[in-house]
Undergrad: 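Please read through the structure below; I'll follow up with questions.
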Amino acid sequence: SLGVTSTNQPTITDVAPASVDLAGGSTITLTGTKFGAAGASDVSISVGGVPCNSVTIVSATSATCIVAGGVSGTAPLQLSAGTEASALYTSFSYTGTVTCTNCAEQDFNK
């Protein structure tokens, strides 16, 4: 059988910045195609499986969101627009280390 590819499937070609602090709270800008109309509300963006906050579709080729906290390392970024298949971007990452003050080792073993 032949695979069917939607011509309306969004694509992500770039994300700026390419990495953010693992604490989250940073705004990222996605560049690509077929994100939907400016102001579209049927678009979701997630990083490492965690939904972004304040997703804004600037245009069919640009979107912004505020990333939640994550784990240091590469985090796949996914954009879903309406009922179309999702776009996946794998060159995004979290950086930094977690600093724990006044923490007991047993707190991490629960």
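All values below come from the heavy atoms of this structure, side chains included, with hydrogens, waters and symmetry mates left out.
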Undergrad: Kindly compute the distance separating SG (Cys65) from CD1 (Ile45), expressed to the nearest 0.5 Å.
TA: 4.5 Å
Undergrad: What are the two closest heavy atoms between Gln9 and Lys34, and how far apart are they?
TA: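 Shortest heavy-atom separation between Gln9 and Lys34 comes out as O-CD, 3.6 Å.
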Undergrad: Given side chains that start at C-beta, do those of Phe35 and Leu79 come closer than 4.5 Å, heavy atoms only?
TA: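 Phe35 vs Leu79: side chains touch.
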Undergrad: Taking the side chain from Thr13 and the backbone from Thr31, do they hold a donor-acceptor pair closer than 3.5 Å?
TA: yes
Undergrad: Of all heavy-atom pairs between Gly36 and Ile57, which one has the smallest distance, and what is that distance?
TA: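 Closest pair (atom of Gly36, atom of Ile57, distance): O-CG2, 3.7 Å.
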Undergrad: For residues Asp21 and Tyr94, report the shortest heavy-atom separation together with the two atoms involved.
TA: O-CD2, 3.7 Å
Undergrad: Taking side chain as C-beta onward, heavy atoms only, is Val58 less than 4.5 Å from Thr64?
TA: yes
Undergrad: Looking only at heavy atoms, which two atoms of Gly96 and Ser72 are closest? And how far apart?
TA: O-OG, 3.4 Å
Undergrad: Would you say that Pro17 contacts Ile28 through its side chain, given a criterion of any heavy-atom pair below 4.5 Å between the two side chains?
TA: yes
Undergrad: Determine, using the 4.5 Å side-chain heavy-atom cutoff (strictly less than), whether Ile12 and Ile66 are members of one ILVMFWY cluster.
TA: no
Undergrad: Under 3.5 Å, is there a donor-acceptor pair linking the side chains of Thr33 and Thr11?
TA: yes
Undergrad: Asp14 versus Leu30: any side-chain heavy-atom pair under 4.5 Å?
TA: no
Undergrad: Does Val15 reach the side chain of Thr29, with side-chain heavy atoms less than 4.5 Å apart?
TA: no
Undergrad: Flag the pair Thr90 / Leu88 as yes when at least one side-chain heavy-atom distance between them is below 4.5 Å, and no otherwise.
TA: yes
